[in-house]
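These notes concern the structure reproduced below.
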Amino acid sequence: MTERITLDRLTGFIAFARAGSLGSYAAAARALGITPSAISKSVRRLEQQLGVTLFTRTTRSLALTSEGRELHERTLRLLRDAEEIGQVAVRARAEPSGNLRIAASLPIAMHVIAPMLPKFRESYPQVTFDLRVDDRHVDLVEEGIDIAIRIGELADSRLLSRRLMAMELCAYAAPGYLAARGAPQHPEELAAHDTVNLRYQSNGQPFRWPFRSGERLIEIVPDAAIVVDASDVALEAMVAGGGIGMAASFAAAVHVARGSLVPVLASHAAPGHPVTILWPESRRANPAAKAFISMLVDTTQISMRGPWA
């Protein structure tokens, strides 16, 4: 039957190992920051528990017995293993590694997260990713998600959070379309244009386009000739010249950079919705999560700006 090691016995092993290596209780006491009598008591208690004599003691010397020498070597290996465990823990805190489970909607996953993953893995090759693309609000704790990115106001107080950016919405159109049809100067002029609009998959309702009109916030539901239920499909239709459409600036940014889309009515753009990173308290000290959040914030601050900024 295997006997369980107790905290008292482990303390005895530490005292024994130091005394055996340094040759006296006084030196062991100085090394451990306790009194020589505490060392002596711990060693005597360990001898009683093991049923062996570990030291031959005189008034001037302390020498290991034959049994003590064998146990001393084994004890030193035990303590070295314990120190290695601590070093592994330190390395784990310092070097990001392991699998990160991330949840985000399709536009955020496609246009914000996916483009930065290769750069992140180049810096931290020991990190792998499981990216869950879903518009629903997953329960991070129940589903074991490390990080989620959400659009809109938050209500879950169990989670830690950090503001990532504002999701700026703007109207866009292809340069060819605008050259043929002209650019509207006010949201009310959209009625004279071909438009591309989104339909919510959850309820089938059309997306309401928000605009600023002076001090007021107005919403328009255009009589769209093209209606789709995926934002990236709408973008492709706009790029192809299908008309004016509404999109998040981070999703349209690559098309604007290529010159395939141009902002429309940018001076009437409504305030953006907050985009927030969320993670459970249990991931606070996770090196991979911390590194990913830091890079994500840096990336969005550099590149995800509205066309009117």
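Because only heavy atoms are used, hydrogens play no part in the values below, and waters and symmetry mates are left out as well, while side chains stay in. Residues: numbered from 1 along the sequence shown.
- Side-chain contact check for Pro206 versus Arg199: every heavy-atom pair is 4.5 Å or farther apart.
- At a threshold of 4.5 Å between side-chain heavy atoms, the hydrophobic network of Ile, Leu, Val, Met, Phe, Trp and Tyr places Leu50 and Leu62 in one connected group.
- When every heavy atom of Leu278 is checked against every heavy atom of Ser161, the shortest pair comes out as CD2-CB, 3.4 Å.
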Checklist line | Check against side chain to side chain contact (heavy atoms under 4.5 Å, CB included), Leu198 and Val228 | finding: CA-CA 5 Å; Leu198 282 169; Val228 302; 4.0 Å; yes
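- For the pair Val127 and Ala288, the tightest heavy-atom approach, listed with the atom from each and the gap, is CG2-CB, 3.9 Å.
- Here the closest heavy-atom approach between residue Ala17 and residue His72 is recorded as O-NE2, 3.0 Å.
- Of the inter-residue distances, the one linking Met167 atom CE with Ile151 atom CD1 reads 4.5 Å to the nearest 0.5 angstrom.
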Item checked: Steps toward side chain to side chain contact (heavy atoms under 4.5 Å, CB included) verdict (Met295, Thr299) -> CA-CA 6 Å; Met295 183 176 287; Thr299 299; 3.9 Å; yes
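- Glu215 contributes no side-chain N or O that, together with a main-chain N or O of Ser213, makes up a donor-acceptor pair within less than 3.5 Å.
- Atom OG of Ser24 sits about 13.0 Å away from atom CZ of Arg57, to the nearest 0.5 Å.
- Hydrophobic clustering of Ile, Leu, Val, Met, Phe, Trp and Tyr side chains at less than 4.5 Å, counting indirect connections, unites Ile220 with Tyr200.
- Looking at Pro184 and Val264, their side chains come closer than 4.5 Å, going by heavy atoms from C-beta outward.
- For the side chain to side chain donor-acceptor pair (under 3.5 Å) condition, no pair includes a residue of residues 115-127, sequence neighbours left out.
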Between side-chain atoms of residues 26-37 and protein atoms elsewhere (two or more places apart, or another chain), which donor-acceptor pairs fall under 3.5 Å?
{"residue": "Thr35", "atom": "OG1", "partner": "Ser37", "partner atom": "OG", "Å": "3.1"}
{"residue": "Thr35", "atom": "OG1", "partner": "Ala38", "partner atom": "N", "Å": "3.2"}

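- In this structure the side chain of Asp194 reaches within 4.5 angstrom of the side chain of Arg181, judged on heavy atoms.
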Next item on the list: Please report the C-alpha distance between Leu169 and Ser249 in whole Å, then the side-chain angles of each, then the deciding distance to 0.1 Å, and finally whether the side chain to side chain contact (heavy atoms under 4.5 Å, CB included) criterion is met.
Entry: CA-CA 6 Å; Leu169 292 172; Ser249 60; over 6 Å; no
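- No salt bridge links Lys290 with Glu95; every basic N to acidic carboxylate O contact stays at or beyond 4.0 Å.
- The structure places CD of Glu188 at 11.0 Å from CG of Leu265, a figure rounded to the nearest 0.5 Å.
- The backbone N or O of Ala269 lies less than 3.5 Å from a partner atom in the side chain of Arg212, making a donor-acceptor pair.
- Residues Ile244 and Val227 are members of separate hydrophobic clusters, defined by side-chain heavy-atom contacts under 4.5 angstrom among Ile, Leu, Val, Met, Phe, Trp and Tyr.
- A distance of 10.0 Å separates CG in Leu10 from OG1 in Thr75, rounded to the nearest 0.5 Å.
- With hydrogens and angles disregarded, no donor-acceptor distance shorter than 3.5 Å links the side chain of Arg258 to the backbone of Ser260.
- A distance of 6.0 Å or more separates the ring centres of His255 and Tyr172.
- Using the six-membered ring where Trp is involved, His193 and Tyr177 have ring planes that are tilted, between 30° and 60° apart.
- At most 12 non-hydrogen atoms from other residues, nucleotides or ligands lie less than 6.0 angstrom from CG of Asp223.
- Between Met116 and Phe292, the shortest heavy-atom contact is CE-CE1, 3.8 Å.
- Note that the CE atom of Met110 and the CG atom of Leu131 stand 10.5 Å from one another [nearest 0.5 Å].
- At a threshold of 4.5 Å between non-hydrogen side-chain atoms, the residues Ile149 and Val112 do not count as touching.
- Using a 4.5 Å heavy-atom threshold, the side chains of Arg45 and Ser42 count as touching.
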Next item on the list: Test side chain to side chain contact (heavy atoms under 4.5 Å, CB included) on Met246 and Phe211 and set out the steps.
Entry: CA-CA 11 Å; Met246 183 72 71; Phe211 292 102; 3.6 Å; yes
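- When the shell of 6.0 Å around CZ of Arg216 is examined, it contains 12 or fewer heavy atoms from other residues, nucleotides or ligands.
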Next item on the list: Dump the intermediate steps for side-chain hydrogen bond (donor to acceptor under 3.5 Å, both in side chains) on Tyr25 and Arg18, then the final yes or no.
Entry: CA-CA 8 Å; Tyr25 289 160; Arg18 285 302 177 93; over 6 Å; no
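- Looking at every heavy atom in both residues, Asn197 comes nearest to Pro222 through ND2-CD, 4.0 Å.
- For the atom pair CG of Leu76 and CZ of Phe16, the computed distance is 8.0 Å after rounding to the nearest 0.5 Å.
- A side chain to side chain contact (heavy atoms under 4.5 Å, CB included) with Phe129 holds for exactly one of Ile102, Asn99, Asp146; it is Ile102.
- When all heavy atoms of Ala19 and Phe55 are compared, the pair lying nearest together is CB-CZ, 3.9 Å.
- For the residue pair Ser40 and Arg44, a side-chain donor N or O sits within less than 3.5 Å of a side-chain acceptor on the partner.
- Annotation: Glu189, atom CD; neighbour count of heavy atoms from other residues, nucleotides and ligands within 6.0 Å is above 12.
- A continuous path of ILVMFWY side-chain contacts below 4.5 Å connects Leu117 to Leu296, so both sit in one hydrophobic cluster.
- Counting only heavy atoms from C-beta outward, the side chains of Trp209 and Thr195 approach each other to under 4.5 Å.
- For the pair Trp279 and Leu159, the minimum side-chain heavy-atom distance is 4.5 Å or more.
- Side-chain heavy atoms closer than 4.5 Å link hydrophobic residues (I, L, V, M, F, W, Y) into clusters, and following such links, even through other members, never connects Leu217 to Val221.
- Glu73 is not listed as a side-chain neighbour of Leu71, based on a closest heavy-atom distance of 4.5 Å or more.
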